[in-house]
A.B. asks: 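The structure's right below; bear with me while I get my questions together.
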Amino acid sequence: MIDELAHEIARELEALGVRGTTRDRVLAEVRDHLEESVRRRDEDPAARFGEPRSFARLVASQVATASTRRAALGSFGVLSLAGVAYLALFALVPAAGGWSDIFGGHVQALGPLLGVATAVLPQIAFVSGCLALVQAFRIRREEVVGAAELALLRRRSNVALGSAAIALVAMAGFALDFEAVMAAWWTWLAVVTCAALLLPLAAASYLVSDSACPAAEPAGVAHDVFDDFAPIFRLAPIRRLGLVEHAWRFALLAAAAVGCAGFVLGWLAEGDPGSGLVRGGFEAVALVICFAALGKALGLRRSNG
Amino acid sequence: MLESSKGHVDLLLLSTLAQGPTHGYGLVEALRERSGGVFDFAEGTVYPALYRLERQGLVTSRWAEGQTRRRRLYRLTRRGRAELARERGAWEAYANAMRAVLA
């Protein structure tokens, strides 16, 4: 009886993607429990233990929730490290020769492309990473979270990690394309740093993908940014704007705010309002495009939004 | 198990573990005995609850060599004791209020 029930639970756990040390520990405890039950001559130990399928499903749901949450938090840690290194490389540019003409690289057409990638992708990584962090915080006390919610958390983490990885490749490409006009130490520092950071990003991405293996509780829906920041969206002045019902209104307001910030920063950096206008306009348009492309995937708008 | 006791599984487990470290089977048995048979768990359900408490840092566990086999022993942590005191206080306040209303 013990072997039969243990095998059945092992089969259910395997089918639900619970593997390795977690599965071994669960099975060892189940076996010990049943042996104790037999030793004490309990009546029908298998029936007393309960249904193997529901037991395995609960264990799998717990493992899926905990491992996805852990992977998301780990991803944010790696992204923070990459972000700090990325900003440090930017901060060192003036000391390495300063920003030159965007068409002044070895391959003329590559400059603008790399420039856009190094400017936009880190922002996507930052926003997606922060959304994943806030979501992981929102569900921090949940024992079991539905599959849709966990899929959203993994998607946000993966978009953040993917964007960060491409941004690092673009930064290394930028350094090599402009190596003739930049100090050699900066070029090598940029290439080595970006290459080194790709490893932890890949490891974090593997953990995020691996956390999809245990089958999560199928019930439930994925929430969105309005749930992540519910205390803010519930404030009366913001609620009156109807952002939850009209997600595009939310996107346009955010684009306006980002555009204004870009305008002020551009003006301050270049000392010229025209440059501020170009930067602000670029940031606002980029946000609207990203919202259209990634809004649903990142839970920035509801499916009917 | 009584439907109404499901929400209080954590409190029941922490309270039982406050008597001393024990394994899953021992917990189920102690709960059944102390409740006069009212809390008669489907025994398998105790393990996911213990794993959850362990992840929250309220209990800790380790394999211990028994006379015939290894057994996983669960023990209350300092944080678990604090949580037990807090939950017990909340439960007593609730129970007193119910008693007062039902009297």
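Heavy atoms only: backbone and side chains are in, while hydrogens, waters and symmetry mates are out. Everything numeric in this text was worked out from a predicted model, so none of it was measured. We name chains A, B, ... by the order of the sequence lines, and we start the count at 1 in each one.
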A.B. asks: Non-hydrogen atoms of chain B under 4.5 Å away: do they reach the side chain of Ala47(A), the backbone, both or neither?
C.D. replies: neither
A.B. asks: Salt bridge check: are Asp32(A) and Arg69(B) linked by an N-O gap of less than 4.0 Å?
C.D. replies: yes
A.B. asks: Can you establish whether the number of heavy atoms outside Arg41(A) located under 6.0 Å from its atom CZ is more than 12?
C.D. replies: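 Not buried by this count: 12 neighbours or fewer within 6.0 Å.
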A.B. asks: Could you pull out the closest heavy-atom pair between Pro48(B) and Phe55(A), with the gap in Å?
C.D. replies: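 Nearest heavy atoms, Pro48(B) then Phe55(A): CD-CE1, 3.9 Å.
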A.B. asks: May I ask you to check whether over 12 heavy atoms, not counting those of Glu51(A), lie within 6.0 Å of atom CD?
C.D. replies: yes
A.B. asks: Check whether more than 12 heavy atoms from other residues, nucleotides or ligands sit under 6.0 Å from atom CZ of Phe126(A), and answer yes or no.
C.D. replies: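 Counting other residues, nucleotides and ligands, CZ of Phe126(A) stays at 12 neighbours or fewer.
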A.B. asks: Donor-acceptor check, side chain of Glu143(A) to backbone of Arg52(B), threshold 3.5 angstrom: yes or no?
C.D. replies: no
A.B. asks: Who among Glu35(A), Arg40(A), Arg31(A) has the most heavy-atom pairs with chain B under 4.5 Å?
C.D. replies: Arg40(A)
A.B. asks: Measuring from His33(A):NE2 to Arg71(B):CZ, what's the distance to the nearest 0.5 Å?
C.D. replies: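 The NE2 atom of His33(A) sits 9.5 Å away from the CZ atom of Arg71(B).
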A.B. asks: I need the contact set between residues 16-26 of chain A and chain B: heavy-atom distance under 4.5 Å, sorted by residue number.
C.D. replies: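 The stretch touches chain B at Arg25(A), Val26(A).
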A.B. asks: What pair of heavy atoms forms the shortest contact from Ser37(A) to Tyr25(B), and how long is it?
C.D. replies: CA-CE1, 3.7 Å
A.B. asks: Is the count of non-hydrogen atoms from other residues, nucleotides or ligands lying under 6.0 Å from Arg53(A) atom CZ greater than 12?
C.D. replies: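 No, the 6.0 Å shell around CZ holds no more than 12 heavy atoms from other groups.
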A.B. asks: Within the 3.5 Å criterion, strictly below it, is a donor on Tyr51(B) or Glu29(A) matched to an acceptor on the partner's side chain?
C.D. replies: yes
A.B. asks: May I ask you to check whether Gln62(A) and Arg55(B) show a side-chain donor-acceptor distance below 3.5 Å?
C.D. replies: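 Yes, side-chain donor-acceptor contact under 3.5 Å.
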A.B. asks: Using a 4.5 angstrom heavy-atom cutoff, name the option from Arg48(A), Arg39(A), Arg141(A) with the most pairs to chain B.
C.D. replies: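 Going by pairs under 4.5 Å, I would pick Arg48(A).
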